[in-house]
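Notes for the one structure printed next.
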Amino acid sequence: MFGLIGAWYCNELYYGKTLFPQGSASVEGEKIDLMLLITIAITGVVFVITQVLLFWFSFKYQEKDGQKAFYFPHNTKLELIWTTVPAIFLTVLVVFGLKYWFKITGDAPKDSIVVEVTGHQFAWEFRYPGADKVLGKKNYKLTTAKNNLGVDFADPASHDDIHINTTMHIPVGVPVKMVIHSQDVIHDVGLPHFRMKMDAVPGIPTTQWFTPNITTADMKKKTGNPEFNFEIACDQLCGSSHYAMRGVIIVETMEEYKKWLAEQKSSTILCSRTRPRFKI
Amino acid sequence: MFPDKAPVQNITDSTIKQVTQVLPAKKIKTGYRQVPVECMPGELKSKNMSSVATLQHADVHGAHDAHHEHHHHETFITKYVFSQDHKMIAKQFLITGIIWAIIGGLFSVIFRLQLGYPDSTFPWLEDLLGHWAAGGKLKPEFYYALVTMHGTILVFFVLTAGLSGTFANFLIPLQIGARDMASPFLNMLSYWFFFLASIIMFSSLFVQTGPASGGWTIYPPLSALGEASSGSIIGMDLWLVSMAMFIISSLLGGLNYITTILNMRTKGMSMTRLPLTIWALFFTAVLGVLSFPVLLSGAILLLFDRNLGTSFFLSDIVIAGKILPNEGGSAILFQHLFWFLGHPEVYIILLPAMGMSSEIISVNSRKPIFGYMAMVGSVFAIAILAFLVWAHHMFVTGLNPFLGSVFVLLTLLIAVPSAIKVFNWLTTLWRANIRFTPGMLFAIGFVSLFISGGLTGIFLGNSALDLHLHDTYFVVAHFHIVMGVASFFGMFAGVYHWFPKMFGRYLNNTMAYIHFWITIIGSYLIFWPMHYEGLAGMPRRYYDYSGWSSFNMFAGLNEFISFVSMIVFAAQLLFVFNFFYSIFKGRKVTELNPWGANTLEWTTPIRPGHGNWPGEIPEVHRGAYDYAKDGKEFIPQDVPVGEDESKH
Amino acid sequence: MSTTAIPTNTKWWNGGRSPFNASYGKVMMWYFLMSDAFTFGAFLISYGTIRFSVNHWADPNEVFNAFPFAGHANLPLAFVSLMTFILIFSSVTMVLAVHEGHKMNRKGVEKYMILTILGGLAFLGCQAWEWTHMITGDHAVLVNGEIEKWGTTVTKNPWGPHVMHEGQMVSTPGPIAFGGYFFGITGFHGFHVFSGVIINLVMLIKTRMGHFDQRGHYEMIEKAGLYWHFVDLVWVFVFLCFYLV
Amino acid sequence: MSSNLTSPEITYAPEHASGTSRIWKTFWVLSALTVIELGLGYFLYWKHGQLPYALTLSTKLLIAALTLAKAYYIVSIFMHLGDEIRNMIMTIVVPLMLFIWFIAAFLWDGNAWKNLRNTDGGSRPDKTKTEQHQQHPAVDKDAKK
């Protein structure tokens, strides 16, 4: 009983801080929120029933003089009931879960914007494909102090690519597809506001897409916090400064995004040598 | 009570010595040593050849004919140090486990200090940890080392070795009616390999560059490259070598447990009459024997990657400005290998607690466990499913979505046998006559925690939700409740329940009740709020959250959690005090069967000697849960079935 | 050994006896082998996984085509077939030793144990030669536009795809993981063969000293035999994974 | 109890076959299977690059099946598992079924990594599918220099 009151109190106190009241900042995240609520409802009911029964039985059937335990070794009907009922509820959850899972991990829509995200100890870098909409090839063996992503400038597609540190700009309402790389250890692009997450693995590119549905500016108004920013948190232990591996996402309107993109310089200018030499 | 109950006897080692010294009197020319019944001392004379055979069997394993004398002149060394008696080995595992638990718990208190009070300094930390806490503030490197060691120590050294090492060793021979383990010698080796692993792991705490700090899951490349983290230099090699020793220990133990349960049961102890504890320990051992080798393979490959320049787990890496030549390996492959062990491992931790709680709940409810066969079946189902679901720890590693969906399906299937178990426990309590011994309290606490932690597993097993919740505090809360605290509750229940059998004394009840209430309330206060942090997406394994606008609103909550964790830790020290105090000063046990339980261990003398039963091993005539049957309070397993006894 | 002597309606699981009619030692050996099968399984499955994750893999017929004293003759699969037959043959002698043990024939056990040990040593010798040959070999590889001479090691793999270079086909570097897995897995198998030889030597000595005659049975030989056959069994799969496909 | 039991848990003395003919028969079966495997291996070697993919794959699967047959003979006859009672056979064979999912899931994911690498996380078309010679990406880079 005390436990339940405690749980309810706790809920009052912290619900406000869980990001739920803010709503999800992505279209896909809203579905995850919905599923989360359904799961919480189902498990919540089970939780209350079983815990109440557990403590009630413990209280009611304490040892008393003259009380005799009831010999009740098994009952097939009862056992079948509580095998099938959970199985049915779980099937419902699995069906919902997998429907969203396939949608979210499926191919990104054709019109999505591609951004390459690269993690290394302990920062995030981003690369936009530029006007040709194709990312230039990379080869980690070409990495130098200046060309720190190891872009292969022999590939013409790389010449108009745009390379940005720490802060990623994306437009609202358009699917964004991230191609995720890591240069050293496993990192993880954690997007708590968008309800998304994907590991960055050295040697195996991964991918994740989502559709932001609210701009940073609107979110500042909604939360009443002028300092608000969407953050990228590294969610996979990656070394001593893991806790400080922070990236920022600025969601803006399409016009703002296009304007911002036009102001950025392409990678060729950033890199003085086009063919760095490297030996194995 | 029952007429054929053995009277309280003062039979201990001396009687056994007497018995066994007679055995080699006849020199055998061919075949296994056959001991004619005539040469047994009078009280042991028996027409029951099988139990005589099993009796001599026990010491045959320990020593051959020629070494027989040596075996039974026990010195301090052979009795307490290199003991081959399963009960002594169990106590060795338990005490080593308790020492590790104190160390591992202390680590968590230290890093909770950093999390709860990120802006404060604690000068005494510098005295304790030296340069790792210069100026009284923990360094991030050491914070991660503490987190890693906390996980490793508690998962492997406390809740695997300390839990199933203790209770499998102690209970298997006693409850199935065997003189000892199938191979007492390998059993002893199992403990000493564990001891060796402990020494190596402990020594890694003191190396210059610090112990392993890549998390207890030691994902490469972080754990493979010294450049990536100072904990991945010598500390990681020591971690891997220590784990290899640990795996050997757990294999030797597990093989012994399985063989003993299969081959050494006393007459009449069919598999369906085994106490649930034994079933749980049996499947625990099966899980260990089949999954630990896979971790061994992973650890060997990782050692090669670290020291020989191979590319099993490394590919396309630029680190500290250096381009590594490794290509074609896969960092995710290690995670597959790790979790092929790692997932069964959580059941290796949990199943013994389940088994012991079932047993204790039934004994103290004075009622048969509800649905014995369903309980066995669900443990079996859990054990099989445990092998099939490992990749649900890897939903966000770029796992193929279709492969992922199979894992979702298999994972959520586990909820069905778990639900069966929960409902069966509840029904066992229904219309019972419950005695609130400390063991019973902890067993009920186990059920409560198992429900709470199990339900959150449904969230995490569903891959779409895992996208949001993976690697957040939700996960931390989930597994701490369900496999950490719940297993600890099972372990405490077991210790409180079987302490009289282990040491012939009771633990102090007042201290036990204080221990219980602080621990259960404290555990909920620590881990319940963590779910909220997790729902907010707050990542685990962060040294400091103050720089994050998304997570810094939980600073007050973190302080609260840290504060409670210190209280709970103090309560555990109370238990440790109670434990060691009661070994020497506790109230003495004066009756053979203090809990009125049915299982065979209570038919031995109060302090059984080497060989467990001074006379012949009792024959078993019924299942372990005939409580409240036919108006009798309880009917021990060795009581023959009466003529007018009802079938059920 | 036939089991006709055993009544069919025995209640095997009722306790007081082994449900398998086998001693604890033999049961334990079987379960140990099962757990060891998972160690080897994990190695071989890792190897398969990595092989599935790259576009090109070394062609075994090209890598393993040498034979001792045959110079540069191209003899794919020949040497490894010899190794396979050596191991199968030593398995046969082992099972014959077990057979003699059942008949309590000490001389027979000794004879076949010696043959088994010789087979094991011959296999280890072959493996040593093969390793040396691979590590010290020099194969022309096109690296960064220049021809280099490489042996096969855990960090170098000269067995990549072929390209045309100055009018002739040359190899390019292949996936590095090949060497690691080859030396890792055959090495681990070789380690098992080696420990098997040691176990068999101990058994031979114990047989000579008459321990088993005193004990009245040769079950230890049977257990050592289980281990030895397991080593052969693993080789069957190593042979499949590295040399045949 | 008969006197030649090796251990007290054994309640019936196993009868041992007297002849060695079965052992030698197994030896010849194993040798024959190995020779067939080698033959198929040489078939793949001589026809290298000329066979359709499906035929190469099915030959390899056939070799794998032959290997399983060899394993069966070794375990069943040399290791005498076939002579043990059914209980024991089942406890050994059933856990090995775990290997099915173990192998399937691992290889499945390995293949998924290949696709991710070849398409750079799905951001470019997979060239290896159209090229005649499948090449390792690392080699691909080197060859171009």
Side-chain angles (χ1 to χ4, degrees), chain B residues 28-32 50-51 54 57 61 64-65 176-177 182-183 186 251 254-256 258-260 262-273 286 288-298 300-301 304-305 308-312 315 325-330 333 336-337 340 619-620, chain C residues 11-32 34-47 49-51 53-54 56-57 104 153-157 173-181 183-185 187-188 211 213-217 219:
Chain B
I28 291 95
K29 26 186 219 307
T30 55
Y32 222 70
S50 98
S51 63
T54 326
H57 174 59
H61 295 317
H64 299 306
D65 304 13
I176 66 171
S183 170
L186 292 186
L251 284 180
L255 290 171
N256 234 328
I258 295 174
T259 331
T260 308
L262 290 175
N263 259 16
M264 305 306 210
R265 282 166 291 127
T266 182
K267 208 168 178 207
M269 181 62 94
S270 65
M271 293 302 270
T272 48
R273 285 178 180 165
V286 172
V289 164
L290 297 185
S291 67
F292 265 114
V294 179
L295 177 67
L296 183 65
S297 306
I300 290 173
L301 296 183
F304 285 171
D305 266 6
L308 299 178
T310 52
S311 311
F312 298 116
S315 184
N326 309 73
E327 265 181 307
S330 163
L333 175 62
H336 275 298
L337 291 173
F340 191 91
E619 191 176 333
V620 168
Chain C
K11 291 193 168 125
W12 287 110
W13 295 97
N14 271 7
R17 63 157 68 88
S18 162
F20 306 143
N21 202 38
S23 73
Y24 83 92
K26 212 160 110 182
V27 175
M28 215 181 237
M29 182 50 112
W30 267 106
Y31 291 133
F32 165 71
M34 229 160 75
S35 96
D36 215 20
F38 272 77
T39 319
F40 270 110
F43 279 134
L44 287 172
I45 292 167
S46 303
Y47 158 80
T49 309
I50 290 300
R51 212 177 142 167
S53 77
V54 295
H56 178 273
W57 198 251
M104 302 291 292
T153 65
V154 292
T155 51
K156 281 182 175 160
N157 173 8
I176 301 168
F178 174 78
Y181 278 110
F183 290 112
I185 294 176
F188 199 63
H211 281 181
D213 282 336
Q214 276 171 24
R215 210 177 283 180
H217 59 87
E219 207 197 45

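Lettering of chains follows the sequences in order, A, B, ..., and the numbering in each one begins at 1.
With a 4.5 Å cut-off on non-hydrogen atoms, C:A37 does not touch chain B at all. Only the side chain of C:F188 comes within less than 4.5 Å of a heavy atom in chain B; its backbone stays farther off. Proximity to chain C is absent for every atom of B:D305, based on heavy atoms less than 4.5 angstrom apart. Within the 4.5 angstrom heavy-atom criterion, atoms from both the backbone and the side chain of C:S46 approach chain B. Using a 4.5 Å cut-off between heavy atoms, B:L251 touches chain C through its side chain atoms alone. Within the 4.5 angstrom heavy-atom criterion, only side-chain atoms of B:I300, from C-beta onward, approach chain C. Contact of B:L262 with chain C is made through backbone and side chain together, with heavy-atom distances under 4.5 Å. Only the side chain of B:I258 comes within less than 4.5 Å of a heavy atom in chain C; its backbone stays farther off.
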Given the rule in the side-chain contact (heavy atoms from CB on, under 4.5 Å) test, do C:F43 and B:L301 qualify, once you have shown the distances and angles that lead to the verdict? CA-CA 9 Å; C:F43 279 134; B:L301 296 183; 3.5 Å; yes
Quick one, C:F183 with B:T310, criterion side-chain contact (heavy atoms from CB on, under 4.5 Å). Give me CA distance, side-chain angles, the key distance, then yes/no. CA-CA 10 Å; C:F183 290 112; B:T310 52; over 6 Å; no
Hey, mind stepping through B:H336 and C:I45 against side-chain contact (heavy atoms from CB on, under 4.5 Å) and telling me if it holds? CA-CA 11 Å; B:H336 275 298; C:I45 292 167; over 6 Å; no
side-chain contact (heavy atoms from CB on, under 4.5 Å) evaluation trace for C:S35 with B:F292: CA-CA 8 Å; C:S35 96; B:F292 265 114; over 6 Å; no
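Shortest non-hydrogen contact noted between C:Y24 and B:S183 is CE1-CB, 3.7 Å. When every heavy atom of C:G184 is checked against every heavy atom of B:F304, the shortest pair comes out as CA-CE1, 4.3 Å. Of all the heavy atoms in C:W13 and B:R265, the pair that sits closest is O-NH1, 2.7 Å. A pairwise comparison of heavy atoms in B:N263 and C:S18 identifies OD1-OG, 2.7 Å as the closest pair. Taking both residues in full, the closest heavy atoms of B:G309 and C:T155 are given as O-CG2, 3.2 Å, listed atom of the first, atom of the second, then distance.
Rounded to the nearest 0.5 Å, atoms OG1 (C:T39) and CG (B:L295) are 10.5 Å apart. Between the OG atom in B:S311 and the CZ atom in C:F178 there is a gap of 13.5 Å [rounded to 0.5 Å]. Here OH of C:Y31 is found 8.0 Å from OG1 of B:T259. Values are rounded to the nearest 0.5 Å.
Chain C forms more heavy-atom pairs under 4.5 Å with one residue of B:G268, B:G329, B:S291 than with any other, namely B:G268. If you tally non-hydrogen atom pairs under 4.5 Å between each of B:V294, B:V289, B:L333 and chain C, the highest count goes to B:L333. With chain C as partner, the option from B:V286, B:L337, B:L290 having the largest number of non-hydrogen pairs under 4.5 angstrom is B:L290.
For B:R273 (side chain) and C:N14 (main-chain N/O), no donor-acceptor pair under 3.5 Å exists by modelled atom type.
The shortest side-chain heavy-atom distance between B:S330 and C:I50 falls under the 4.5 Å cut-off. Considering only heavy atoms from C-beta on, C:W30 stays 4.5 Å or farther from B:L255 through its side chain.
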